[in-house]
Amino acid sequence: MIPERHLNIAVLMLFFAVPAWALIMDEPFTITLATRAAILALAATGLNIALGLGGLVSLGHAIFFGIGGYAMGVLAFHAQTYTPMQLGGFEIAGTKSMPVIWLVALVASGIAAVLVGLLSLRTSGVYFIMITLAFGQMFYYFAISWRAYGGEDGLSIYVRNDFPGLNTLDPIQFFGLCATLLCLALLVFWRLARSPFGLALGAARQVPQRVETVGLDPVRLKLVAFVLSGMMTGLAGALFADLNRFVSPTMFSWQFSGELIVLVILGGVGRLMGPLIGAGLFVTLEHVLGDITDFWHVILGAILLVIVLFARGGVVGLFCGKARPDA
Amino acid sequence: MSTILVIEQVINGLQFGVMLFLMAAGLTLIFGVMGLINLAHGSLYMIGAFAAAWVAGLTGSFLLALVAAMAAAALAGALVEMVVIRRLYAADHLDQVLATFALILIFSEGTRWVFGSFPLYLDIPEALSGTVTLPGGIAYPLYRLVLIGIGLTVGLALWALIERTRIGMQIRAGRDDREMIAALGVDISRLYTGIFALGALLAGLAGALVGAIQSVQVGMGEPVLILAFVVIVIGGIGSIKGAFIGALLVGLTDTLGGIFLPEIFKLFTDASTATQAGSALASMAIYILMSLVLIWRPTGLFGRAA
């Protein structure tokens, strides 16, 4: 067993070393893979707030990922076609500016998380899982039937959006941007887990009755966690859309919600670096096994089964043992 | 809009609902008795459909295809229960979700491996392929009526099995107090394998029956699975009666919503906007129904208080 902090530092160093090495060796594709891992890790860190800290098994986080993606897609689509949006009599111009897109993605996914959370949190346990899954499907079918923005085919955005002072089309600069946001998100997660709110949330996960006894409302705590979680995943969606310069209803698919949970579990639920480790492993497996066989999901499924049945703490649990409250 | 169209759509909705019931009944039984959320139920549906298409291709017999579908799904269900699911009864829901998600990956990609990515086709048998004229002069496909008949029969048989037989008594007892019935000498693990195989058999039957009107392809199970979840949330987890009523509600809402919502919107706006907005809203109708039920009764129409 090694202290979790040492593992965390090692993981972060590896995370930055791989693209640095790729830059020196002139392997832009590896940088793109690292960017993909960073964005997935950001989405999974969002889920880790709901799942790890709040104990909410959400099988609908693709909702927020998709909303973030469509926030980028819609705004950039109007900017690239020079057509303003019609919104209840107002005309709003599209934009190619990343900070504005991120803000819209955060607000839109936050509103969606409030609505989905309010309804889903009326229940708990297995109902909660089924309901989040069902709402995910609702957004998926809505995106398919929304023909103004590509319907089933999705939207292509021809040029990556701008960030002041950076050339976002340069892989390493875009990686830097995503990595910075990921580090900020990890900082938020780390602070949140130790804040009075995080402690109350942890208590609400374990014994909601006691939390109620001391005058806190467990449902409200969980709702706040769910909204924060959704917003972070929404931001990741906007970045993911920018990485691919493409959005489609598949961003809303239930498979993606499942994969996000898988990322968190692979790394370690509720652990700070769990999502990043999970995302790194996932992207590596996808790339390495995907080269060997088209059917790499069979192998992923088998690995997942082994982890669930025999190694329940994920990678962090394997190296560091159970989480300690002061770790 | 003509009455004939409305009646036709109502029957379509019933047919869809009855097939959803076959899926939802197994899921709700498995959850009610074993406390397990099974995402891989859609894979069993897919296995049924593929087995049917394969056997129908070999023998040309639809009846044999149905038997094969039920046998393959029940066998796969029993196998999966004994190898994986059995270890999950005591685990929390997160582990169950993950393990059954892993099973979906394995089953889906495994099926793609064996059968390829192209959809298979299962033909409606000759004897059932025509239309019948209903009272009022509506020509309706015979096969879809047969589906309704099969679904209702299965529902009745399931009710009789659970309420009127010794095995049903054990199932109900297992739902209420598993330690007690183990103490009374019932082999719990065999009972559980049996229930799981029964749920799988129903899913496989549904897959084969629906496979004949749609194409048989990898990933066909999960959309149906999620609809079955909506059914269970509306009906109340663990309740077969709830699953039946929930399934009919969802089937009718989905089918009628697609027809009526665009028409209703046409009263307010121009035709093309109405068609777009109406079909977008129709795709969300069943989830809105689910939300309303949740606001009214969080444990579903026939669920027990949590």
Side-chain angles (χ1 to χ4, degrees), chain A residues 51 55-57 59 115-116 118-148 151 253-255 257-259 261-262 264-266 269 293-310 312, chain B residues 27 31 35-37 39 83-84 87-88 91-110 112-113 117 219 222-223 225-233 236-237 276-288 290-291 294-295 297-300 303 306:
Chain A
L51 182 65
L56 300 168
V57 184
L59 253 183
L115 293 176
V116 173
L118 271 176
L119 285 166
S120 313
L121 284 168
R122 291 179 65 81
T123 63
S124 59
V126 66
Y127 271 105
F128 185 84
I129 301 173
M130 293 183 186
I131 291 163
T132 47
L133 185 58
F135 278 127
Q137 205 73 347
M138 175 175 98
F139 280 88
Y140 175 70
Y141 284 123
F142 178 77
I144 284 183
S145 66
W146 202 16
R147 263 168 264 149
S253 72
W254 69 271
Q255 285 97 335
S257 295
E259 278 174 14
I261 293 195
V262 170
V264 176
I265 302 298
L266 271 180
V269 189
T293 162
D294 283 343
F295 305 105
W296 75 279
H297 275 107
V298 175
I299 305 170
L300 179 70
I303 294 174
L304 197 56
L305 265 187
V306 169
I307 287 185
V308 174
L309 296 177
F310 304 109
R312 304 193 28 193
Chain B
L27 272 177
F31 184 82
L36 177 97
I37 173 167
L39 295 186
V83 176
V84 179
R87 299 161 204 273
L88 296 171
D92 60 19
H93 293 318
L94 178 59
D95 285 353
Q96 298 176 348
V97 163
L98 277 164
T100 51
F101 182 72
L103 288 174
I104 295 182
L105 295 179
I106 294 171
F107 276 127
S108 292
E109 291 302 306
R112 208 193 300 277
W113 209 340
S117 298
E222 281 69 38
L225 170 87
I226 297 171
L227 284 180
F229 280 157
V230 174
V231 165
I232 292 175
V233 169
I237 298 179
Q276 275 215 17
S279 63
L281 195 65
S283 69
M284 301 166 75
I286 51 172
Y287 306 100
I288 296 169
M290 180 184 81
S291 310
L294 275 176
I295 291 168
R297 288 180 77 116
T299 50

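Reminder, nothing fancy here: chain letters follow the sequence lines and each chain counts from 1.
Here the straight-line distance linking atom CD of A:Q137 with atom CZ of B:F229 works out to 11.0 Å at 0.5 Å rounding. A:I303 contributes atom CD1, which lies 11.5 Å from atom NE2 of A:H297 (distance to the nearest 0.5 angstrom).
At a threshold of 4.5 Å between non-hydrogen side-chain atoms, the residues A:L305 and B:V84 count as touching. Counting heavy atoms from C-beta on, the side chains of A:L119 and B:I295 come closer than 4.5 Å. Under the 4.5 Å side-chain criterion, counting only non-hydrogen atoms from C-beta, B:L94 is in contact with A:I261. For the pair A:Y127/B:T299, a side-chain contact is recorded, criterion being any heavy-atom separation below 4.5 Å from C-beta on.
Most heavy-atom pairs under 4.5 Å with chain A: of the set B:S283, B:G300, B:A91, this distinction falls to B:S283. Most heavy-atom pairs under 4.5 Å with chain A: of the set B:L103, B:I288, B:T100, B:L98, this distinction falls to B:L98. Of the residues considered (A:W146, A:W254, A:Y140), A:W254 shows the highest number of contacts with chain B, using heavy-atom pairs under 4.5 Å. Per-residue counts of heavy-atom pairs under 4.5 Å with chain A were compared for B:L281, B:I106, B:V230, B:I237; the largest is that of B:I237.
For chain A, the nearby part of B:L39 is the side chain; its heavy atoms alone come within less than 4.5 Å. Proximity to chain B involves both the backbone and the side chain of A:L133, based on heavy atoms less than 4.5 angstrom apart. For chain B, no part of A:L118 is nearby; none of its heavy atoms comes within less than 4.5 Å. The part of A:V57 that comes within reach of chain B is its side chain, from C-beta onward, which places non-hydrogen atoms under 4.5 angstrom from that chain. For B:M284, the parts lying near chain A are the backbone and the side chain together; criterion is any non-hydrogen pair under 4.5 Å. Heavy atoms of A:I265 lying under 4.5 Å from chain B belong exclusively to its side chain. Contact annotation for B:F31: only side-chain heavy atoms (C-beta onward) come within less than 4.5 Å of a heavy atom of chain A. Contact annotation for A:I299: neither backbone nor side-chain heavy atoms come within less than 4.5 Å of a heavy atom of chain B. Using a 4.5 Å cut-off between heavy atoms, A:I131 contacts chain B through both its backbone and its side chain. Looking at B:V233, the atoms closer than 4.5 Å to chain A (heavy atoms on both sides) sit in the backbone and in the side chain alike.
When all heavy atoms are compared, the tightest approach of B:L294 to A:R122 is O-NE, 3.0 Å. Scanning both residues, A:T123 and B:P298, for their nearest heavy atoms gives CG2-O, 3.4 Å.
Between the side chain of A:T132 and the main chain of A:I129, a donor-acceptor pair closer than 3.5 Å is present.
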